[in-house]
Student: 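This structure is in structure tokens; I'll ask about it shortly.
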Amino acid sequence: MNKHTCTAIATMLVATLALGTAGCSGGGRSTDGKGGGRNPALTHQGAVVGGTPKRGGTLTVLSNQDFTHLDPARNWVMSDMEFGTRLLYRTLVTYKAAPGTEGGDLVPDLATDLGTSSNGAKTWTFHLKKGIRYEDGTPVTAQDVKYNVERSFSPDLPGGADYAARYLAGAKGYQGPAQGKHLDSIKTPDDHTIVFELRKPFAEFPNATVMPTFAPVPEARDKGPRYDSRPFSSGPYRIQSYGRGKKLVLVRNPYWDPKTDTVRKAYPDKLVVVMGLKANQIDDRLIASRGPDASSVSWQALRPESAAKVLPDTEVRKRLLAESTNCTDMVQMHTGRAPFDDVRIRRAVQYALDKDTVLTASGGPAFNDLSTAYMPATLFDGKQPDTLKIPAEGDVAKARELLKEAGKPNGFSTKITVSSGDKGRAEAIQQSLAKAGITVTIDTVDPSAFYATIGDTANRTDLVYTGWCPDYPSGSTFLPFVFDGRSIKEKGNSGNHSLFRDKATMKRMDEIAAMTDAKAANKAWQELDAEILEKAPAVPVLVRRWPLVLGSNIAGAYGQTSFGGQLDYASVGLKDPSASQN
């Protein structure tokens, strides 16, 4: 999914770097956290903080923003997905509620198992558990899941995951269930059985059913775009009130039955999301952890500027999480427009970019890992390969040599579009490319308009700074979304922001997608990553971590690796619920 799944972290104080790099090698290269805890931000990596929560109390979430979408048909922003699927609605399959690598394990949710395939993985059947009810006590049915999948095709409900559109048979041209139009490729022979007919084999289909697209929505409750403000609960909590941009209050769904749910613990009685706060206020309040703030958590990642207040303080650092987002930041180049239609120019940018400088602007190695491949380390069995062997600080001489070969010995001028929160990173990119003679002008855009801006392929700049997160641990959820030229749209373009249209690459993607041996496919995706890297449509820069400071009354806290390191709301709660009342 798009990098808007991860909130941008602002530029960091250079002085903080010394705290993050202690014990690290390679001139600012990040540690993997194995060297005896030398990276202070990784102390709790893969661990639970605060012990086991007690039932009750109010958990407060401090936020500087509203949700992008809570409607399950539109929810494809990583943090929003985690919040929605852990608290408000259930999906056919979900991720295990556990820290570390266990958090990537698939477990049944609405379904009794992970699905049964037939017809060469082109037909998938799921049986729903009995006893799952909505907030009004009515039962969840297979028809409700079918209806939400169908409504995800509606033109007035954009933004959601498109796995249904990519794989369901007969889906081309479908516009949703308006006027009673339904997909014949989704069958519901009874209230507890749903069958999906795919147009091509898809062995990983159960992974896709983690997406909110595969949550239930009863047709009678659908209000079109207005459903975004009041999704009907099939999870442990229901919406009591929602003032957009101000406050969301969740209370218990009295009809949620923990006997049907092995994932969600639902410790707090109430969750309150307070929006519109300033980012620095949130950091300072959680660091101080006074009064009600002791029972609070942050929606956004800790700002790098605040690291100097956290890393040196032993007591505060005990309350710090910093799991990997599992998302790769990239500089993507417009390969369909001169001069970036020349691979030598693109490779010059690869060599000119000083990733260490960008790392510094991103909070240093305490909060980031440098990238030497497109796919994150989780898709390379834990460690990215470094096939190009370009130094982290870049190679200006090699970059100038490539520019000369391409007929640009004096360099050239270009523009880069970045989200306003990435301005510090853009300035680091600007400074490093200037050393090779590439003059870059920075165009900053508000986060709410960023993806619409760079998704306008006719009017966007040559360079954009964005990235991608795999929806689940498979190269099929990364490389095709970022580099398949057949998915490019004139407006609303997503993922392939390099506008890369390479026939050999697309042919190989199709060959890998047709493989039935998962191990062989995994190896093939890894090899294809290196092949695309040689063609240089984009420069992988770094994988951010998701640093969160918790209030001192928080328990059961860990970063969910499958949701970008965000706090797992399935398991979090309070040490002393009585202390949370305010």
Student: Kindly give the heavy-atom pair with the smallest separation between Y242 and S229, and that separation in Å.
Tutor: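 Distance-wise, the nearest heavy atoms are CD2-O, 3.2 Å.
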Student: Any heavy-atom pair between the side chains of R166 and S487 that's under 4.5 Å?
Tutor: yes
Student: For the residue pair L106 and V210, establish whether any side-chain heavy-atom pair is separated by less than 4.5 Å.
Tutor: yes
Student: Would you mind reporting whether T60 and V274 have side-chain heavy atoms less than 4.5 Å apart?
Tutor: yes
Student: Report the C-alpha separation of R486 and D484 in whole Å, then their side-chain angles, then the decisive distance to 0.1 Å, and conclude whether the salt bridge (Lys or Arg N to Asp or Glu O under 4.0 Å) test is met.
Tutor: CA-CA 5 Å; R486 293 164 293 191; D484 189 338; 2.9 Å; yes
Student: Would H127 and T112 count as having a side-chain donor-acceptor pair, cut-off 3.5 Å?
Tutor: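 No pair is found: no donor N or O on one side chain lies under 3.5 Å from an acceptor on the other.
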Student: Would you say the side chain of P376 lies within less than 4.5 Å of the side chain of P470, judging by non-hydrogen atoms?
Tutor: yes
Student: Assess the residue pair D261 and W256 against the criterion (side chain to side chain donor-acceptor pair (under 3.5 Å)); give the C-alpha distance rounded to whole Å, side-chain angles, the decisive distance to 0.1 Å, and a yes or no.
Tutor: CA-CA 9 Å; D261 195 338; W256 172 73; 3.0 Å; yes
Student: I need the minimum non-hydrogen distance between P72 and N148, along with the two atoms involved.
Tutor: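 That would be CB-ND2, 3.8 Å.
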Student: Does a side chain donor of either T561 or E323 reach within less than 3.5 Å of an acceptor in the other side chain?
Tutor: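 On atom types as modelled, these side chains do not qualify, holding no pair under 3.5 Å.
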Student: Do I132 and D257 have side chains that get closer than 4.5 Å, going by heavy atoms?
Tutor: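 Contact flag for I132/D257 side chains = no.
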Student: Side chains of S324 and N326: is there a donor and an acceptor less than 3.5 Å apart?
Tutor: no
Student: So, applying side-chain contact (heavy atoms from CB on, under 4.5 Å) with F232, which one of E135, K223, R238 is it?
Tutor: E135
Student: Does a sphere of radius 6.0 Å around CG in D184 hold more than 12 heavy atoms from other residues, nucleotides or ligands, not counting ones at 6.0 Å or beyond?
Tutor: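 Counting other residues, nucleotides and ligands, CG of D184 stays at 12 neighbours or fewer.
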Student: Ring-plane angle category for Y472 and Y163, please: parallel below 30°, perpendicular beyond 60°, tilted otherwise.
Tutor: tilted
Student: Verify the neighbour count for atom NZ of K129: are there more than 12 heavy atoms of other residues, nucleotides or ligands below 6.0 Å?
Tutor: yes
Student: Please check if any side-chain donor atom of S420 sits under 3.5 Å from a side-chain acceptor atom of D446, or the reverse.
Tutor: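 Per modelled atom types, S420 and D446 side chains form no pair under 3.5 Å.
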Student: Could you report the tightest heavy-atom contact between I554 and V572, atom names first, then the distance?
Tutor: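 Smallest interatomic distance, heavy atoms only, reads CG2-CG2, 3.7 Å.
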Student: Is it true that the side chains of D283 and S306 contain a donor and an acceptor less than 3.5 Å apart?
Tutor: yes
Student: Between S476 and E204, do the side chains contain a donor N or O and an acceptor N or O under 3.5 Å apart?
Tutor: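 Distance-only check passes for E204 and S476.
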Student: Run the ring pair (Phe, Tyr, Trp, His ring centres under 6.0 Å) check on F67 and F83 step by step: do they pass?
Tutor: CA-CA 10 Å; F67 299 94; F83 191 87; 4.8 Å; yes
Student: Got a salt bridge between R221 and D136, using NZ or NE/NH1/NH2 to carboxylate O under 4.0 Å?
Tutor: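 D136 and R221: salt-bridged.
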Student: Per the side-chain hydrogen bond (donor to acceptor under 3.5 Å, both in side chains) rule, which among T325, D329, N368 passes with R544?
Tutor: D329
Student: Does K270 NZ have over 12 foreign heavy atoms under 6.0 Å away?
Tutor: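 Incorrect, the count does not exceed 12.
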Student: Please lay out, stage by stage, how V445 and V418 fare under the test side-chain contact (heavy atoms from CB on, under 4.5 Å).
Tutor: CA-CA 6 Å; V445 179; V418 301; over 6 Å; no
Student: If we only count heavy atoms from C-beta on, is the D66 to L248 side-chain gap below 4.5 Å?
Tutor: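 The answer is no; the side chains never approach within 4.5 Å.
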Student: Between S552 and R319, is a side chain to side chain donor-acceptor pair (under 3.5 Å) present by the stated rule, with each step listed?
Tutor: CA-CA 7 Å; S552 57; R319 300 187 275 119; 5.3 Å; no
Student: Between S295 and N553, do the side chains contain a donor N or O and an acceptor N or O under 3.5 Å apart?
Tutor: yes
Student: If only side-chain N and O atoms count, and only distance matters, is there a donor-acceptor pair under 3.5 Å linking Y558 with S571?
Tutor: yes
Student: Run the side chain to side chain donor-acceptor pair (under 3.5 Å) check on D105 and Y95 step by step: do they pass?
Tutor: CA-CA 6 Å; D105 293 346; Y95 291 113; over 6 Å; no
Student: Show, in sequence, the C-alpha distance, side-chain angles and deciding distance for N75 and Y89, and conclude whether the side chain to side chain donor-acceptor pair (under 3.5 Å) test is met.
Tutor: CA-CA 12 Å; N75 187 349; Y89 35 78; 3.1 Å; yes
Student: May I ask you to check whether F196 and F205 place their ring centres under 6.0 Å from each other?
Tutor: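 Under 6.0 Å, so yes.
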Student: Do D144 and T141 have a side chain donor and acceptor closer than 3.5 Å?
Tutor: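 Yes, a side-chain donor-acceptor pair sits under 3.5 Å.
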Student: Starting from the C-alpha separation in whole Å, work towards a yes-or-no answer on side-chain contact (heavy atoms from CB on, under 4.5 Å) for S494 and Y451.
Tutor: CA-CA 8 Å; S494 179; Y451 280 92; 5.7 Å; no
Student: To the nearest 0.5 angstrom, please state how far the CZ atom of R86 sits from the CZ atom of R264.
Tutor: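 So the gap between those two atoms works out to 6.5 Å.
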Student: Just checking, R55 and Y267: is the charged tip under 6.0 Å from the six-membered ring centre and within 45° of the axis?
Tutor: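 Checked: cation-pi criterion not met.
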Student: Measure from NZ or CZ of R151 to the centre of the six-membered ring of Y227 and say whether it is under 6.0 Å with the direction within 45° of the ring axis.
Tutor: yes
Student: Return the CG to OG1 distance between N207 and T209, rounded to the nearest 0.5 Å.
Tutor: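 N207 atom CG to T209 atom OG1 measures 7.5 Å (nearest 0.5 Å).
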Student: Centroid separation under 6.0 Å, is that true for the rings of Y374 and F483?
Tutor: yes
Student: Do you know which two heavy atoms are closest between M78 and G564, and how far apart they sit?
Tutor: SD-N, 2.9 Å
Student: Return yes if a side-chain donor-acceptor contact under 3.5 Å exists between D162 and W76, otherwise no.
Tutor: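 Absent: no donor and acceptor within the cut-off.
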Student: For F563 and T85: C-alpha separation, side-chain torsions, deciding distance, then whether side-chain contact (heavy atoms from CB on, under 4.5 Å) applies.
Tutor: CA-CA 11 Å; F563 290 108; T85 59; 3.9 Å; yes
Student: If you apply the rule side-chain contact (heavy atoms from CB on, under 4.5 Å), what do you find for L548 with Q566, and how did you get there?
Tutor: CA-CA 8 Å; L548 292 168; Q566 175 61 282; 3.6 Å; yes
Student: Relative to the ring of F481, is the ring of W468 parallel (under 30°), tilted (30 to 60°) or perpendicular (over 60°)?
Tutor: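 Ring orientation, 0 to 90° scale: parallel.
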Student: Apply salt bridge (Lys or Arg N to Asp or Glu O under 4.0 Å) to the pair R545 and D369, showing each step before the final yes or no.
Tutor: CA-CA 8 Å; R545 293 189 174 275; D369 298 298; 3.1 Å; yes
Student: Which heavy atom of Q560 sits nearest to which heavy atom of K96, and what is that distance?
Tutor: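 Q560 and K96 have their closest heavy atoms at NE2-O, 3.0 Å.
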Student: Check the side chains of R90 and T260 for a donor-acceptor pair under 3.5 angstrom, ignoring hydrogens and angles.
Tutor: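 Yes - a donor-acceptor pair under 3.5 Å links their side chains.
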